[in-house]
Amino acid sequence: NPSLYSCIVFDTVDWRFGNVKFVTSSSYGNRDCIDPHNAQRLVVDDGFFLSTDDNIAYSTLRNDIDTGIVVKNCVMYNSHSGACIRLGPWLGDNTHHFTAENCDYIKGANNEGAFAIYAGGALSDVRFRNMRVENPQSRLIYMISAWNDYYAGWQSGSIDNVRFENLSCETVTDSWIGFDATDAASPMSNIAFTNLNYGGTTVTNQSQAHVFVNGTVSNLSFSTTAVNEVAITAAALSASASQSTFFTVSRSGPTGASLTIPLVIRGSAVAGSDYTALSNSVVIPAGASSVQVAIAPLKSNYPGGRATVVVDLNHSPAYSYLLGPNHCAMTTLVDGVSGTAPAGLAGSLYRNG
């Protein structure tokens, strides 16, 4: 229950928020979670956000900012007003490069919805990938290529090259997508939806998506395509020198070509000392849907009796696949004999779980 905004981030480079939780009572209004201003290469990973206003509100007050912002693997809930993600250059041109991926939005607010983009300057290259929305309350998406700044007044902007890939919305009643480009000086163009799922129906045209357009939006498109979604699961909760284990990295979708997936390896266990070091990537061969990664402990005793190996699936630069909910897995190296995971527990280290 912060007095106002929880965390305001000004003019930062290469900051990272990982495994953080923000919780605000519904009796307190106007409580944002993370508000980055002019931030570059900010990563928000594995977060939980329960707020009465914007969960994440990114803005720029400068020109020519390559944001490099990545918000991924998060769970968000909005109990009062604002948006789950609010994005926009309030005062500043040529803002670009924002990605949100693999997030669950449980509930949006009834005045803004899940994703709000307000551009008082030129905004481009925005991607929302594998986003799952349960109940946006009203607008699933609202974009306006202008901004009425409190201090500077009405600012015309533009929005170009915004892509929504594998976006799903469970609630159809009263949820809609709005584009407002009524000002001729504020164009909106190249808005693409790939594999949009609305209430269980795959959307192939504008009328199926509850879309409302004011003004002219050029190159608004809806399409479908097969894409790989990757996952990782652990065969056992623990391993020992007498009983090794493995992770399984799998994909759903096309298997005609091989798929290279970078790995982020962490945990309290030391690679090469506590267990056999892993490669920093894994390759699923053409024609295969999965591959195993061996976890081989090297010691019979560990400090405190245990040490952890955690593996996160990461991206290739080509973004040729999507992260899924099971994007991370863990096993514990223990003294003695390894235990087998009880039914229902062996598998992924699910976010915040």
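Every heavy atom of this structure was used, including side-chain atoms; hydrogens, water molecules and symmetry mates were not. Numbering starts at 1 and runs along the sequence shown.
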> Do T67 and Y58 come within less than 4.5 Å of each other through their side chains, counting heavy atoms only?
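Sidechains of Y58 and T67: in contact.
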> In terms of relative ring orientation, are F115 and F128 parallel, tilted or perpendicular, with 30° and 60° separating the classes?
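Tilted, since the angle between the ring planes falls between 30° and 60°.
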> At their closest point, which heavy atom of S79 faces which heavy atom of T52, and how far apart are they?
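Here S79 and T52 meet closest at OG-CG2, 3.5 Å.
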> Should the ring pair W176 and F212 be called parallel, tilted or perpendicular, given that the plane angle runs from 0 to 90° and is split at 30 and 60?
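Perpendicular, since the angle between the ring planes exceeds 60°.
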> Per the salt bridge (charged side-chain N to carboxylate O under 4.0 Å, His left out) rule, what does the pair list look like for residues 286-301, sequence neighbours excluded?
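Listed by first then second residue: D274-K299.
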> Could you identify which residues cluster with L322, counting Ile, Leu, Val, Met, Phe, Trp and Tyr as linked when any side-chain heavy atoms lie under 4.5 Å apart, either directly or through a chain of such contacts?
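Joined to L322, directly or through intermediates: V227.
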> List in chain and number order the residues that pass ring-ring contact (aromatic ring centres under 6.0 Å, His included) with F247, two or more places apart in sequence or in another chain; answer none if no residue qualifies.
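If we apply the ring-ring contact (aromatic ring centres under 6.0 Å, His included) test to F247, skipping adjacent residues, there are no hits.
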> Measure from NZ or CZ of R139 to the centre of the six-membered ring of Y142, then state whether that distance is under 6.0 Å and the direction lies within 45° of the axis.
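Yes; both conditions hold, so R139 lies above the ring face of Y142.
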> Please report the shortest heavy-atom distance between N228 and P254, naming the atom on each side.
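Closest approach of N228 to P254: ND2-O, 2.9 Å.
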> Using the rule given for side chain to side chain contact (heavy atoms under 4.5 Å, CB included), can you reason through F98 versus V71, listing the C-alpha separation, both sets of side-chain angles and the distance that settles it, and then say yes or no?
CA-CA 8 Å; F98 178 97; V71 178; 4.2 Å; yes
> Would you say the side chain of P297 lies within less than 4.5 Å of the side chain of Y302, judging by non-hydrogen atoms?
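Yes. Closest side-chain heavy atoms under 4.5 Å.
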> Evaluate side chain to side chain contact (heavy atoms under 4.5 Å, CB included) for N197 paired with L167, printing each intermediate quantity in order.
CA-CA 6 Å; N197 188 286; L167 168 63; over 6 Å; no
> Just by distance, with hydrogens left out, do N102 and N73 show a side-chain donor and acceptor under 3.5 Å apart?
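There is such a pair between these side chains.
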> Sequence neighbours excluded, which residues qualify as ring-ring contact (aromatic ring centres under 6.0 Å, His included) partners of H96?
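Partners of H96 under the ring-ring contact (aromatic ring centres under 6.0 Å, His included) test: none.
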> Hey, are R306 and D335 close enough for a salt bridge, meaning a charged N less than 4.0 Å from a carboxylate O?
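Not counted as a salt bridge, because no side-chain N and carboxylate O are separated by less than 4.0 Å.
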> Do the charged groups of D11 and R62 touch, with an N to O distance under 4.0 Å?
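Yes, charged N to carboxylate O under 4.0 Å.
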> Indicate yes or no for a side-chain donor-acceptor contact from T24 to the backbone of S51 under 3.5 Å, with no hydrogens or angles considered.
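Checked: no pair found.
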> Which residues satisfy the salt bridge (Lys or Arg N to Asp or Glu O under 4.0 Å) test with E165, sequence neighbours excluded?
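R127, R129.
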> Not counting sequence neighbours, list each pair that qualifies as a salt bridge (charged side-chain N to carboxylate O under 4.0 Å, His left out) and has a residue in residues 207-236.
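Listed by first then second residue: nothing to list.
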> Name the one of F17, Y77, F22 that satisfies ring-ring contact (aromatic ring centres under 6.0 Å, His included) with F49?
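Among F17, Y77, F22, the one meeting ring-ring contact (aromatic ring centres under 6.0 Å, His included) with F49 is F22.
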> Within the distance-only criterion (no hydrogens, no angle test), does the side chain of D54 pair as donor or acceptor with the backbone N or O of I56 below 3.5 angstrom?
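No, because the side chain of D54 does not come within donor-acceptor range (under 3.5 Å) of the backbone of I56.
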